[in-house]
Amino acid sequence: MLKFIGNLINLNVMLTGKARAFIAYDEAEAFCRAKDFKQALPLMIEASDLGNAHATVQAAMMFLKGQGATCDWHRASEYLALAIARGVPDVHLILGMVFGIGGYGLKRNPEKAKFHLAQAAAVDADLDAVQMLTMLRKKQGVFSGKERPNPAIPWK
């Protein structure tokens, strides 16, 4: 009987956390629509911490774009990796681009870029990833290898 009660309590805690994750995400989205990113970011992080995969991607994008905080591609890469671990599709392409370009606190890493772009090409059948792999191999465009601490953000 005690085990049953313990399981009920654990279930209640889990469901409360999931509900809070959805509420925090909805509140963050409302602040984003109003362009109040300073209010949105902490809520997006909270929703991500509570397991909301969409919030994880949104938090990453906010750090990439400098919405609600300064641009921090290192932190964004951590959220993108977490989103991949949570099974969010189409994130490998973004992470590959971020590692291929580098900047805003993230050291350029062509090997990680190749891995993630190859995953995007193979798993997500993303033709842009195939093109970016070619550019990375040939060191063309944004993948030229020139150090740029604060590159232009291609998705801003």
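None of the values given here were measured: they were computed from a predicted structure.
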Audit row: F37, K65, side-chain contact (heavy atoms from CB on, under 4.5 Å) steps and yes/no: CA-CA 11 Å; F37 301 113; K65 296 176 181 181; over 6 Å; no
Verdict with reasoning, R75 to I45, per side-chain contact (heavy atoms from CB on, under 4.5 Å): CA-CA 11 Å; R75 193 148 179 213; I45 291 170; 3.8 Å; yes
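Cluster annotation: L41 and L43 are assigned to distinct hydrophobic clusters (Ile/Leu/Val/Met/Phe/Trp/Tyr, side-chain heavy-atom contacts under 4.5 Å, transitive). Both Y104 and V57 are members of a single hydrophobic cluster when ILVMFWY side chains are connected at heavy-atom separations under 4.5 Å.
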Could you pull out all donor-acceptor pairs under 3.5 Å where a side-chain atom in residues 93-103 meets a protein atom, sequence neighbours excluded?
none

Atom pairs and distances, donor-acceptor, side-chain atoms in residues 78-92, under 3.5 Å, two or more places apart:
from, atom 1, to, atom 2, distance (Å)
E78, OE2, H74, NE2, 3.1
R86, NH1, S48, O, 2.9
R86, NH1, T56, OG1, 2.5
R86, NH2, S48, O, 3.1
H92, ND1, H116, ND1, 2.9

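For the pair E46 and R20, the minimum side-chain heavy-atom distance is below 4.5 Å.
For the residue pair A40 and M62, the shortest heavy atom distance occurs at CB-CE, 3.9 Å. Closest non-hydrogen pair, P110 versus L136, comes out as O-CD2, 3.8 Å.
Looking at Q39, E29, M61 one by one, the single match for side-chain contact (heavy atoms from CB on, under 4.5 Å) with M44 turns out to be E29.
Looking only at distances, a side-chain donor or acceptor of R108 sits under 3.5 Å from a matching main-chain atom of F143. Of the possible donor and acceptor atoms, one in the side chain of W73 sits under 3.5 Å from a partner among the backbone N and O of L64.
Note: M132 CE to L117 CG = 6.5 Å, rounded to the nearest 0.5 Å.
The stretch residues 118-141 participates, sequence neighbours left out, in no side-chain hydrogen bond (donor to acceptor under 3.5 Å, both in side chains) pair at all.
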